[in-house]
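Presented below is the structure to which this report refers.
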2 protein chains.
Amino acid sequence: MLTARPADMAAYATPPKSLTTDFDFPVRERLVPKQNEVLVPGATPDVAHLLLAGHTCRYRMLQDGRRQITAILVPGDICDLEALLAGRSSYAVSTLTRCTLGEIPLSRFASTHDPVLAAALQRRLRRDEAIAREWIVSLGRRDGIERTAHLLCELRWRLAEVGQATDDSYELRITQHDLADALGLTSVHVNRVLMNLRAERLIHLKGGRLTIIDRTRLKHLAQFDPAYLVQ
Amino acid sequence: MLTARPADMAAYATPPKSLTTDFDFPVRERLVPKQNEVLVPGATPDVAHLLLAGHTCRYRMLQDGRRQITAILVPGDICDLEALLAGRSSYAVSTLTRCTLGEIPLSRFASTHDPVLAAALQRRLRRDEAIAREWIVSLGRRDGIERTAHLLCELRWRLAEVGQATDDSYELRITQHDLADALGLTSVHVNRVLMNLRAERLIHLKGGRLTIIDRTRLKHLAQFDPAYLVQ
DNA sequence: CGTATAGTTGACCGGCCTCAATGGGTGTGG
DNA sequence: CCACACCCATTGAGGCCGGTCAACTATACG
């Protein structure tokens, strides 16, 4: 788990000075602009990417241009966990905002049989899968409003764990177009949903910062239960 | 990986005599009727369930009765992998058809630090997640027909791996209602989609057996690429 | 052979998509 | 520091996919 770090608006502008993870390797920091490819599927990369600041996503493209984001990653997450464990990846990874990435050579994982490290990686894998299952529930059985509310609750919870959400407010610079590709909607409808959540005085979103006004009602609307996030 | 076993219609009526897995523990076989609970979320079970015959599913219920199936399991799969690895489960497991389950005491996993076993379990975990991600893509960006076609392709591929699909035909006794809960549709619409696929002469489905008439066109329709299933 | 469950079909409705235009905010260059 | 340009957010009108409700038929099982 990440050491809590005070959330500050400058986090996106300047790389964090120190970010301790459950496996603290020396990492080479790299600043990446928004909407930039980090990993292409099928490639065999030689470094894994630890997200230090900003938001990235895993996604898959269909032939006719349709895109589905399968995971949104927050600081502390390993972007290309599958590539790290299996040597290659079935999904692509891209930045959603300006990001600071920490590059970890894959050679550090290949040879070691450290049981503590293995357990930490397995825990991350299980957590990623638990989040994916909840996304399946959202996409299959929650309507646009509930689904969006659920994602906002999930992000608040995950960002709070790494000290990037104070109270019920966090930085969210993801475009509505990208949110749409995560929620299985169109950007037009995401906009209507967000306007709706604003009108209901459930959230406040402006200038790249989201504030949950009424957490109780938002959680109830989304039927959000953070149990799946707790390992 | 499972040793290939000739697919036979009797598999659902009589437990298979031998089914070798990548970890072959002696298991206690149990015959379970269809639509039966195997695992309830939050519980701390003392046995893991290896599916030997039939189909089970992982699912989650919403408060108002909506249900979303997050995984369909075929022979050779471990139904409650999360419970096995984490001690408790965030999802429920239920049978979709009559099933033969092999019960493995959790104590066999808790103490051992067998690296071969750990690698096998991690491979299963990665595969489950890869399938979940593809479901996210289907639910988010494929319409009803494409989504159904994709699931039928996925099941054919997975069943062929364990010798339960000869050519392009396999036993499928899952009800349209349950298929709907997996596909994020209603049973009425699943029926229309299946009628459509039949009318297009892509599949044949009768008496609990599905036959893919035109595999090339079905794969193309679903944009099915089995790469994600290959570990 | 009767009963229950599952599949099939029709009519109508609504959430979300498509197309299109306008407004607003942010970054950049002069 | 301002002006421009581009990207993003917002809003309206109309259409379609899939949902809802309801009835009927077929199949499985005792």
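Source: prediction; values computed, not measured. We name chains A, B, ... by the order of the sequence lines, and we start the count at 1 in each one.
Within the 4.0 Å cut-off from OP1 or OP2 of C/dC16, not a single side-chain nitrogen or oxygen of A/Thr186 is found. Contact annotation: A/Gln35 does not reach the phosphate of D/dC7 (side-chain N/O to OP1 or OP2, under 4.0 Å). Contact annotation: B/Arg98 side-chain N/O to D/dC29 OP1/OP2 distance is not under 4.0 Å. OP1 or OP2 of D/dT27 lies within a sub-4.0 Å distance of a side-chain N or O belonging to B/Lys206. Not one side-chain nitrogen or oxygen of B/Asn191 sits closer than 4.0 Å to the OP1 or OP2 atom of C/dG7.
Side-chain polar atoms of B/Ser169 and B/Arg209 form a donor-acceptor pair below 3.5 angstrom.
If you take CG of B/Asn196 and P of C/dT9, they are 12 Å apart, rounded to a whole angstrom. Nucleotide D/dA26 holds its C1' atom 14 Å from the CG atom of B/Leu205, rounded to whole Å. With rounding to whole Å, B/Leu183 atom CG is found 15 Å from D/dG19 atom C1'. In this structure, the CG atom of A/Leu185 is 7 Å from the P atom of C/dC16, given to the nearest Å. A straight line from CZ of A/Arg198 to C1' of D/dT11 spans 13 Å, rounded to a whole angstrom. Protein atom CD of B/Gln176 is 15 Å distant from nucleotide atom C1' of D/dG18, rounded to whole Å. Spacing between atom CG of A/Leu194 and atom C1' of C/dC16 amounts to 15 Å, rounded to whole angstrom units. Atom CZ of B/Arg66 and atom P of D/dG19 are 13 Å apart (whole Å).
A cation-pi arrangement, defined by a distance under 6.0 Å to the six-membered ring centre and an angle within 45 degrees of its axis, is present between B/Arg67 and B/Tyr59.
The residues B/Arg58 and B/Asp128 are annotated as salt-bridged, a charged nitrogen and a carboxylate oxygen being separated by less than 4.0 angstrom.
Residue B/Asp143 places its side chain closer to D/dG18 than to any other of C/dG7, D/dT10, D/dG18.
Toward the 5' end of DNA chain D, the nearer of the two residues A/Met195 and B/Gly184, judged by each one's closest nucleotide, is A/Met195. With the nearest nucleotide of DNA chain C identified for both B/Val188 and A/His189, B/Val188 has the one nearer the 5' end. Toward the 5' end of DNA chain C, the nearer of the two residues A/Val193 and B/Ser187, judged by each one's closest nucleotide, is B/Ser187.
Judged by distance alone with a 3.5 Å cut-off, a donor-acceptor contact links the side chain of B/Arg192 to the base of D/dT20.
Among the protein residues, B/Arg147 comes within range of no part of the nucleic acid, since none of its heavy atoms lies under 4.0 Å from any strand.
Side-chain contact check for A/Thr70 versus B/Trp135: every heavy-atom pair is 4.5 Å or farther apart.
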Requested in this report: Could you check B/Arg133 against A/Ser90 for side-chain hydrogen bond (donor to acceptor under 3.5 Å, both in side chains), going step by step and ending with a plain yes or no?
Outcome: CA-CA 9 Å; B/Arg133 292 209 180 281; A/Ser90 60; over 6 Å; no

